[in-house]
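Everything on this sheet refers to the single structure shown next.
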Amino acid sequence: MRTKRSIFEDIDWLMVGLYIALVLFGWISIYAATFDEAHPSIFDLAKNHGKQALWIGLALVIATVLLFFDHRFFETFGYIVYGFSLLLLVAVVLVGTEIKGAQSWFVLGPISFQPSEIAKFGTALALAKYLGDHGERFDQFKVKLYSLGIIFLPAALIMLQPDVGSTLVFTSLLIVLYRQGLPSWIFGLGFVAVFLFILALYMKQYSVELFGVTLEGKFIFLGLFTTLAGFVWYNLRKKKGSTLVVGGSYLAMVGYFFSVDFLFDNILQPHHQNRINELLGIVSDPLGAGYNVHQSKIAIGSGGFSGKGFLQGTQTKFHFVPEQSTDFIFCTVGEEWGFIGSFVMIALFVTLMGRIVWLAEKQRSAFTRIYGYGVASILFIHFAINVGMTIGLAPVIGIPLPFFSYGGSSLWSFTLLLFTFIKLDSERKFVLR
Amino acid sequence: MIDPESRKFSILILFATIGLIFLARLFYIQVVDDSYVSSADNQALRYVTRYPSRGIIYDRHGDILVQNQAAFDLMVVPRQVDDIDTAAFCELLDIDRATFNKRLEEARSYSSYRASIFQKQLTADEYARVAENLYRFPGFYGQKRSLRIYPDSVAAHVLGYIGEVSARDLERDTLYRSGDFIGIGGLESQYEEILRGERGREVLMVDVHNTVQGKYREGELDLPAKAGINLISSLDLDLQHYGERLMQNKKGSVVAIEPKTGEVLCLISSPTYDPNQLVGVKRAKNYQALVANDSLDPLFNRALMAKYPPGSIFKLVQSLIGLSDGVIGINTGIACNKALVGCHNHPSARTIQEAIQMSCNPYFHQVFKRLINKGYTSNYFDDSALGLAEWNEKVTKFGLGQRLNLDLPSLKSGSVPSVALYDRIYGERRWAFSTIYSVSIGQGEVEVVPMQMANLAATIANRGYYIDPHLIKQLDGDNDSVLTFETHHTGIDPAHYEPVIEAMQWVVDKPGGTARRAKIEGIEVCGKTGTAENPHGEDHSVFIAFAPKENPQIAIAVYVENAGFGGTWAAPIASLLMERYIKGAVSDSLKEARILKANLLNVEKDED
């Protein structure tokens, strides 16, 4: 039974409030980062902060318009949006504009946008649609394969640009599959793979002199690992098939371990190699590859407990930190508002993501639930990598901080993602499926 | 199969964990580790030193003795130097490529993005030429410094000079920083704390390109530079200048004092040097030349540091003490007995005044004998010791044998022989008057510096007292710290001075006087010559005087090394200076020309 009610009555105002708080906090941070005595107005369109005001205005229009859509629209058009974004991804590789070494942009006059932003939305919708329809049969191999396909098809197209950051964002959707029941051991395997990768890179630097022979680090590892495998096999030798399992895993891991060098040196581009080496502390080059993070940490670290005060940041305002209004926007927060401001911002993000998950679980519609997880996952990976890189806990990957970073295309796509969920959520009481 | 719904907790825990890890990390870098704060300040803040201008020194009439001139250090920020036309730059500065590379490398080894001095102390003219081309060479800029300039190139020994602080200065006084200037020698050193002023600073913000972005916190942390205080010296620039000209090509010194006040009117040590030579970058080179390549030792301040036997001028002191103690009267006559001590040919002195006028050695041999052997005890040796002790005390009151309270460093005290000294030389009770009689005529163990001779002249001019001689009268525009000078009395009745002063006038005026070359038309000059025996060569020529006799305006001592008899050279130099000071001009141009022409430097060599 449906009664005529105002669309605004069932909206989760907590999410809307968190959204507005983040957008405004972001806006004043951009203002502080690009502040210029000659153009003191926050609405000055010659400056990033002035343009951001415009982008925020448009984002609010998008958000409002979304609330008037019928919820069935998203479900019906899920695959279409997805397909459309795949087309755009193909097109951008063919005819897009190259900016900073990646052919990821369409530039139309003053407006430029990245199709990968739409693709995030499209993929989240398509995944929700697919699993909403076939989620009960997720234990079937085919369903799992299709789900993974939906995620990795756009990711692969984006890799062609190449845009490692955006590609990485798609892997966050594995969280959605995890919630859907993807076995934990797959994630365990991923963890082991990352661990071995890092270990192999560390081992490269070490070597040991033994009986006049220089042993490279990886052979030391090989020795230790073989001993360990032998020990495990000896203990399990009575069990049936243990030789096969232990032997197989041993070979797979050793093979992977020894191919890390090759993968690292030949697949990754030199600047990625540098960033990873810098992050792991294998090399330290604060004036070269490590410059961004070095400066970023100085800016944030110098903020102290309560910050230098609004517009008083010297490191961000005077361009010591590169990209300070986009990827490194968090530096302004850290420098001018200190630990207190950082705490508030992190709390806002974690609360928003938690709220989305919490509400997703309350949905009667599987589509809405799965879509909610998609939104939370995408926000999460952006948040984790962006903030992580500014404080030296993640490699430098150029992805924006949602709602904070300067840029219309990014703000609109996150607004689109979030408000679609807010809209879907607002109808949860009327949907019986 | 596990229930996938329970996995929402794992996911929520994941979100929260990442948030907590970030907060822990942020807490560490923002609150615990404060190294980032200093890194940030180092990068974004520039502490620019504002150098105060050093105090100016004026002479007694307000003419400038030393002032400041702008100089520019050419600074370099190595990081900003890229792709410049090195050849053109080297040509502009007149340096070669290797020097350029070496200096840039040195600067870079200090810091890549901090300024270092590339070339020191370009003069304003040199810098003007460089400055108009600097826009072509990013990374280089000029920083203003202030150097000293001496408009008349006089009084080098009095003024001293300034140079970069030494490691020892830096250790002693934390106010200084490497590269700062400090007074070295002379008034520059004596009044360093007054002249130097206080350094200011400006805290500026710079951006990543090291471009200044304005004052940090609206200049809240800035300190203005406080200029040094100007000093008003007692020196008479004209007299000093004239004296230096007269002493050209002569070795020795001149000191003139205004008796009433103790103000030093001129202080000359010859040979001197141009103080402008010890300014700026050329200092090191010129200093070496002055020290190493000049046997005449022009950096040695003879007026304060050269200890000479006073010779016959010491007879004035002997006369005054003799009269005061009553061992002689004005009309005591003593035969000129050359068996006691050598003398020139003259009639025997019938009065003490004649003895002074003719500078009779045997007469003062006897006076000193009476002062030393007063018959306190029958033992000749003990009596001599008692007498010498009493005598020593009285001589010391003339400012002899002690360091005068002058406002210049490195003044020597000279020496007046004491019982302890002779006990050390000969052994206790192993000496008596007959051992030490040469002191009677200012030879032997008595030693004075020219400053003390001038002070003696002033003491006699004042009829019994002197005021601490000094070179700085007043701090300009600062009435809070008035300089004070002590008066010292000789303890001898002014009445005893009159006959001695009368005799000093005869020395100059009477036909038999030894210093008739010191006569000045229309002014009563009182003086006393001396010819100090010099075992190393020709005797030193000495003259002390004051004028006019009544209400004296100037007391002077002139000491010319190896110039022979005191009346020949020292006396006319003194008279020219006194006349110039009192009248403003010299009337006897022949006398002046004779002095200016004389070269007494190589007398010693000719004799050898």
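Residue numbers start from 1 in every chain, and the chains themselves are labelled A, B, ... in the order their sequence lines are given, proteins ahead of strands.
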- Task: Please state whether the side chain, the backbone, both or neither of A:Phe383 comes within less than 4.5 Å of a heavy atom of chain B.
- Result: both
- Query: Any idea which heavy atoms bring A:Gln315 and B:Ala44 closest together, and the distance?
  - Reply: NE2-CB, 3.2 Å
- Residue A:Leu393 versus chain B: region with a heavy atom under 4.5 Å: side chain
- Query: Out of B:Leu14, B:Leu26, B:Ile18, B:Val31, which one racks up the most heavy-atom pairs below 4.5 Å with chain A?
  - Reply: B:Leu26
- Message: So for A:Gln312, is it side chain, backbone, both, or neither that comes closer than 4.5 Å to the heavy atoms of chain B?
- Response: neither
- Query: CZ/B:Phe15 to CD1/A:Ile356 distance, rounded to the nearest 0.5 angstrom?
  - Reply: 8.0 Å
- Considering only heavy atoms and a distance below 4.5 Å, find which of A:Met353, A:Lys297, A:Lys308 pairs most often with chain B. A:Lys297
- Message: At a heavy-atom distance under 4.5 Å, which candidate from A:Phe138, A:Tyr178, A:Phe305 has the highest pair count against chain B?
- Response: A:Tyr178
- Query: Out of A:Phe343, A:Phe349, A:Phe380, which one racks up the most heavy-atom pairs below 4.5 Å with chain B?
  - Reply: A:Phe380
- Query: Which one, B:Leu12, B:Val32, B:Leu23, leads in non-hydrogen pairs under 4.5 Å with chain A?
  - Reply: B:Leu23
- Message: Going by the rule ring pair (Phe, Tyr, Trp, His ring centres under 6.0 Å), which residues pair with B:Tyr36 if we only count those two or more places apart in sequence or in a different chain?
- Response: none
- Query: Non-hydrogen atoms of chain B under 4.5 Å away: do they reach the side chain of A:Ala360, the backbone, both or neither?
  - Reply: neither
- Task: List the atom of B:Arg7, the atom of A:Ser184, and the distance in Å for their closest heavy-atom pair.
- Result: NH2-OG, 3.1 Å
- Item | Region of A:Ile346 in contact with chain B, defined by heavy-atom distances below 4.5 Å | side chain
- Query: Between B:Gly19 and A:Val350, what is the shortest heavy-atom contact and its length?
  - Reply: CA-CG2, 4.1 Å
- Closest non-hydrogen atom pair between A:Arg179 and B:Ile11, with its separation: CB-CD1, 3.9 Å
